[in-house]
There are 2 protein chains.
Amino acid sequence: MLTQVEENYIKALLHLASQDRAMTQQEGVGTNDLAAYLQVKPSTVNEMLKRLKEKELVNHKKYGKINLTAAGTRTGLGIVRKHRLWETFLCTKLEFDWDEVHDIAEQLEHIRSDKLIDKIDKFLGYPKYDPHGDPIPDNHGNIPKRDTQKLSNVGLDHSCRVLAVRDTSTAFLQYLEQLNIAINTIIEIKEKIPYDGTLRVEIDGKAAVLSNKVSENILVE
Amino acid sequence: MLTQVEENYIKALLHLASQDRAMTQQEGVGTNDLAAYLQVKPSTVNEMLKRLKEKELVNHKKYGKINLTAAGTRTGLGIVRKHRLWETFLCTKLEFDWDEVHDIAEQLEHIRSDKLIDKIDKFLGYPKYDPHGDPIPDNHGNIPKRDTQKLSNVGLDHSCRVLAVRDTSTAFLQYLEQLNIAINTIIEIKEKIPYDGTLRVEIDGKAAVLSNKVSENILVE
DNA sequence: TAAATAAGTTAGGTTATACTAACAAATTGA
DNA sequence: TCAATTTGTTAGTATAACCTAACTTATTTA
């Protein structure tokens, strides 16, 4: 049985590992990476790693990189499943906006009851994607696969459909709303500024300008 | 901002205080009562009282009885409101049985979001009573009033309707189910054994025998 | 390659929440 | 009324999760 904090460390490791694999540059997650992500000090991470190693959820050798074990990954996927199902519940049943649900789901994801989450899943009609377009792992930790790419990588004059966002912060989602960008919005790339990657695009027939930071966090196709 | 544990102490005090007022015999809640109810040692209660006093949620003088302040009572009612709304959600929307929801609601009641609980309230159609017949406090801590009495106090040959239960444990609720007793069931008192308060009753035209402990935990009229 | 910097670890302290053991006050009842 | 019992408190310990400060190992770069 894990504490809420232990669950958060596992979830963070799962997230950082997947980010890590996507960005080809860096190899492995270190103590400082995890500390920065969780907003705690490296020494705190160190202590927690000791306990997670004892519980055989994490592999870590002194001065080495941190890796989830198979059991750790399974645990993490279970938490992600709960998080995304709750977000879906909040948006589709309680009519929350997609920028309001993250923090509440961070709390709800720690509720301990397999029966509850399965009933929520059923109640929602077994959704495959959450309100941010993120895939929802099933009961066994399987994630529906889908080809996506960052909007920043799409070529000139292509039209593409928004499938998901890589940042679920309120600030980002509210900005997207202001730009009239939501899941399934069609975006057409008109121009790409080589200097900083800024995009001139068309959304619903209207011109807009997207910074590289924004287009890096939108997944399309 | 209270911790989950602090919230549990407040809720326990609210519960014990109301029980106390109902049972005319004893006056006031002591350290040991609270410790027994929460399954911790009296010394632990003592320390917690110190903190709750600092937060002005509780009044307590050395060797005296423990009382919630007005603020403490308000806080407690807020938690009870959340607990009962979640129980109602679990039963009416997710089709849980009434004997399964208590433990899950004990977790859900600590989710911090006023907006969430108000949306749940709306989603459920502003219910006044939870699946155990307990009244749900509104936003301002007002509880719908209702005349009820213990089944054990009803006179011979009276018929009465079950309004609520005073014990929400799985064991009790499953036993009631076995006896075909639910909210709104009509029970007719046929005989009362003076020796131990055992009741011979009729439920749906069928004879049954209820111990005093059972009839003390059923509220009717 | 050696010095500077970055990354990771250890030691020791803090707070919340529990505990046990020892003790003090209040209540009961012979 | 005073001894026994019950009730409540204090002191000291443990664990989870955090911290700071000091230190060690690894990496980078002049």
Side-chain angles (χ1 to χ4, degrees), chain A residues 1-13 16-17 19-20 23 25-68 72 75 79 106-107 109-110 112, chain B residues 1-13 16-17 19-20 23 25-68 72 75 79 106-107 109-110 112:
Chain A
M1 190 108 304
L2 298 180
T3 67
Q4 293 200 184
V5 176
E6 285 171 334
E7 287 191 349
N8 284 337
Y9 276 79
I10 296 291
K11 197 175 57 139
L13 280 169
L16 290 174
Q19 263 210 341
D20 190 47
M23 325 217 284
Q25 54 209 31
Q26 212 194 317
E27 18 59 75
V29 175
T31 308
N32 282 5
D33 303 324
L34 189 50
Y37 183 74
L38 289 171
Q39 314 243 61
V40 297
K41 301 297 163 185
S43 56
T44 306
V45 168
N46 237 289
E47 241 180 56
M48 180 59 90
L49 286 180
K50 198 179 141 217
R51 237 165 333 123
L52 293 177
K53 272 185 279 184
E54 272 164 20
K55 298 189 178 185
E56 306 196 46
L57 297 166
V58 152
N59 284 136
H60 178 238
K61 266 169 275 177
K62 243 194 190 180
Y63 297 103
K65 296 299 174 185
I66 310 166
N67 289 292
L68 286 173
T75 301
I79 303 164
E106 291 272 296
Q107 298 180 62
E109 75 192 3
H110 300 294
R112 280 166 220 293
Chain B
M1 190 105 306
L2 298 180
T3 67
Q4 292 199 186
V5 177
E6 285 170 334
E7 286 191 350
N8 285 336
Y9 276 80
I10 297 291
K11 199 176 55 137
L13 280 170
L16 290 175
Q19 263 208 341
D20 190 48
M23 324 217 285
Q25 53 208 33
Q26 212 193 316
E27 19 57 78
V29 175
T31 308
N32 282 5
D33 303 324
L34 189 48
Y37 183 74
L38 290 170
Q39 312 244 60
V40 297
K41 300 298 164 185
S43 57
T44 307
V45 168
N46 237 289
E47 243 181 53
M48 180 58 91
L49 286 179
K50 197 178 142 219
R51 239 167 328 125
L52 294 177
K53 272 185 279 185
E54 273 163 19
K55 298 189 178 185
E56 306 195 48
L57 298 167
V58 152
N59 285 136
H60 178 236
K61 267 170 274 177
K62 242 193 191 180
Y63 296 103
K65 296 298 173 186
I66 310 166
N67 289 293
L68 287 172
T75 301
I79 303 163
E106 290 273 295
Q107 298 181 62
E109 74 192 4
H110 299 294
R112 279 165 220 294

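Here is how names work: the chains are called A, B, and so on, in the same order as the sequence lines, proteins then strands, and each is numbered from 1.
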Checklist outcome for this item: Correct closest heavy-atom pair for A/E7 and A/L2 would be CG-CB, 3.9 Å
Checklist entry - What is the nucleic acid contact for B/T44, judged by heavy atoms within less than 4.0 Å: base, sugar-phosphate only, or nothing? => result base
Next on the checklist: Quick check: do A/L68 and A/V58 have side-chain heavy atoms less than 4.5 Å from each other?
Outcome noted: yes
Next on the checklist: Under the side chain to side chain donor-acceptor pair (under 3.5 Å) definition, can you give me all pairs with a residue in residues 36-46 of chain A, not counting sequence neighbours?
Outcome noted: A/H15-A/Y37
Next on the checklist: Taking side-chain hydrogen bond (donor to acceptor under 3.5 Å, both in side chains) as the definition, give me every residue that meets it alongside B/Q107, ordered by chain and number, with sequence neighbours left out.
Outcome noted: none
Checklist entry - Between C/dT15 atom C1' and B/E54 atom CD, what is the distance in whole Å? => result 12 Å
Next on the checklist: Heavy-atom nearest nucleotide on DNA chain D for A/S43 versus B/L49: which residue maps closer to 5'?
Outcome noted: B/L49
Checklist entry - For B/L38 and C/dC19, what is the distance between atoms CG and P respectively, to the nearest whole Å? => result 10 Å
Checklist entry - Quick one: does B/H110's side chain get under 4.5 Å of A/H110's, heavy atoms only? => result no
Checklist entry - Do A/M48 and A/L34 come within less than 4.5 Å of each other through their side chains, counting heavy atoms only? => result no
Next on the checklist: Please report the distance, rounded to the nearest Å, between OH in B/Y63 and P in C/dT27.
Outcome noted: 11 Å
Next on the checklist: For C/dA16 and B/T3 - does any side-chain N or O of the residue sit under 4.0 Å from the phosphate oxygens OP1/OP2?
Outcome noted: no
Checklist outcome for this item: The first and last nucleotides of DNA chain D lying within contact of chain A, meaning any atom under 4.0 Å from one of its heavy atoms, run from D/dA16 to D/dT25
Checklist entry - C/dA25 C1' sits how many Å from B/H60 NE2, rounded? => result 12 Å
Checklist entry - Are any non-hydrogen side-chain atoms of B/Y9 and B/V45 less than 4.5 angstrom apart? => result yes
Next on the checklist: What is the separation between atom NZ on B/K50 and atom C1' on C/dA18, rounded to the nearest whole Å?
Outcome noted: 15 Å
Next on the checklist: I need the CD-P distance between A/E47 and C/dA11, as an integer number of Å.
Outcome noted: 11 Å
Checklist outcome for this item: note: A/K53, atom NZ; C/dG8, atom P; distance rounded to Å ~ 13 Å
Checklist entry - Between A/K62 and A/V40, which has a closest nucleotide on DNA chain D that is more 5'? => result A/V40
